[in-house]
Amino acid sequence: MDIIVCKFGGSCVADSEGFRRARGILEADPARRYAVVSAPGAVDGGPKVTDLLEAAWNGDNAALNRAADRFHRIAVGLGLDPEDALTRETLRRAATRDALLSRGEYLCARLFARCIGWPLVDAADCVCFDGAGTLSVPDTLQRLRRLARTTPRAVIPGFYGADPSGEIVTLPRNGSDITGALVAAGTGADLYENWTDVPGLMTADPAQSPEARLIPAATYPQMRRLAQRGARVLHPDCLAPVEQAGIPTHLMWFKRPDRPGTVISGG
Ligand code: ASP
């Protein structure tokens with residue numbers, strides 16, 4: 001395989017241990033060339049960074065400090081300079097709700113790029129929205145094709161892009177799945193790996209049914225039907241870009257990369 005795009009969900013990059021594990025996964029296969037990251041997820045039942053930023057936008061100043069502290073802890077845990085002043089400045093400068101919410105992914109990608117030593121490519125430069133705030137898939141794929149020609153490896157923040165005036169626009173919640181799928185389609189990837197805290201597609205919710213079994217393979221139409229019925233495995237809007245490009249999606253279990261996961265392909 002030449003190109004694998006890996007998307008790491010918030011539960012994967014919630015702490016320094018997760019950052020190390022994600023780095024190990026990428027370094028284990030040279031085809032894993034593009035990493036799309038969510039904002040750090042919950043630790044010990046606490047809030048996700050995106051939820052803290054939402055609270056901060058609604059006037060909770062302590063939440064902004066808590067969000068900044070999450071990045072401080074991860075950086076220190078990795079033995080990196082936490083660059084606290086830069087983090088706070090990045091958060092303070094965000095002038096709109098979308099801009100502030102997007103900083104969770106941006107700061108996470110910036111830190112992860114330092115952790116693995118790959119370049120950071122800002123999603124604002126490759127995920128395109130029109131002036132009405134609608135995602136423009138053709139423009140985005142064109143930018144990503146150019147990226148693939150010039151930049152063999154990169155860390156890209158999920159969940160947002162920019163409109164023609166440079167204003168940040170976010171995707172729906174859990175939208176980093178969509179960014180990952182767009183990056184896979186645009187870079188001409190052979191495979192889209194979606195890493196999360198579940199073993200893959202299951203016959204039932206393992207938290208409720210201990211007898212839940214892994215489903216090793218599914219088709220894109222089957223996934224679409226599951227999403228319509230409310231299954232929360234993948235964001236439903238992330239299916240089309242990879243399905244249309246003929247790229248399989250591999251749902252992978254972050255804690256157990258040796259497990260088979262679920263391969264979604266074909267029609
Ligand atoms: N961080 C955003 C959220 O919590 C987007 C994502 O994780 O995909 O919804």
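The figures that follow rest on heavy atoms only: side chains count, while hydrogens, waters and symmetry mates do not. One-based numbering, in listed order, for ligands and for the atoms of each.
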Query raised in the report: Going by heavy atoms, is H235 under 4.0 Å from ligand 1?
Result: no

Requested in this report: Identify, for atom 6 (C) of ligand 1, the protein heavy atom at the shortest distance, and state residue, atom and that distance.
Outcome: S176 OG, 3.4 Å

Query raised in the report: Shortest non-hydrogen contact from A184 to V242?
Result: CB-CG1, 3.9 Å

Query raised in the report: Atom CG in D125, atom CZ in R146: separation rounded to 0.5 Å?
Result: 10.5 Å

Query raised in the report: So, does G10 sit close enough to ligand 1 that a heavy atom of it is under 4.0 Å from the ligand?
Result: no

Query raised in the report: T262 side chain to I215 main-chain N or O, any donor-acceptor pair under 3.5 Å?
Result: yes

Query - For T50, the ligand 1 atoms whose distance to one of its heavy atoms is below 4.0 Å - result: 1 (N), 2 (C), 3 (C), 4 (O)

Query raised in the report: With no hydrogens and no angle check, is any side-chain donor or acceptor of D163 less than 3.5 Å from a backbone partner on F129?
Result: no

Query raised in the report: Is it true that the side chains of R97 and N58 contain a donor and an acceptor less than 3.5 Å apart?
Result: no

Query raised in the report: Any N or O of S38 that comes nearer than 3.5 Å to an N or O of ligand 1?
Result: yes

**Report entry** Where ligand 1 meets N174 - atom numbers and elements under 4.0 angstrom, heavy-atom basis
**Finding:** 3 (C), 5 (C), 6 (C), 8 (O), 9 (O)

Requested in this report: Identify, for atom 4 (O) of ligand 1, the protein heavy atom at the shortest distance, and state residue, atom and that distance.
Outcome: R173 NH2, 2.9 Å

Report task. Return the residue, atom name and 0.1 Å-rounded distance of the protein heavy atom closest to atom 5 (C) of ligand 1. Result -> E105 OE2, 3.3 Å

Query - S136 (side chain) donor-acceptor with D130 (main chain) under 3.5 angstrom - result: no

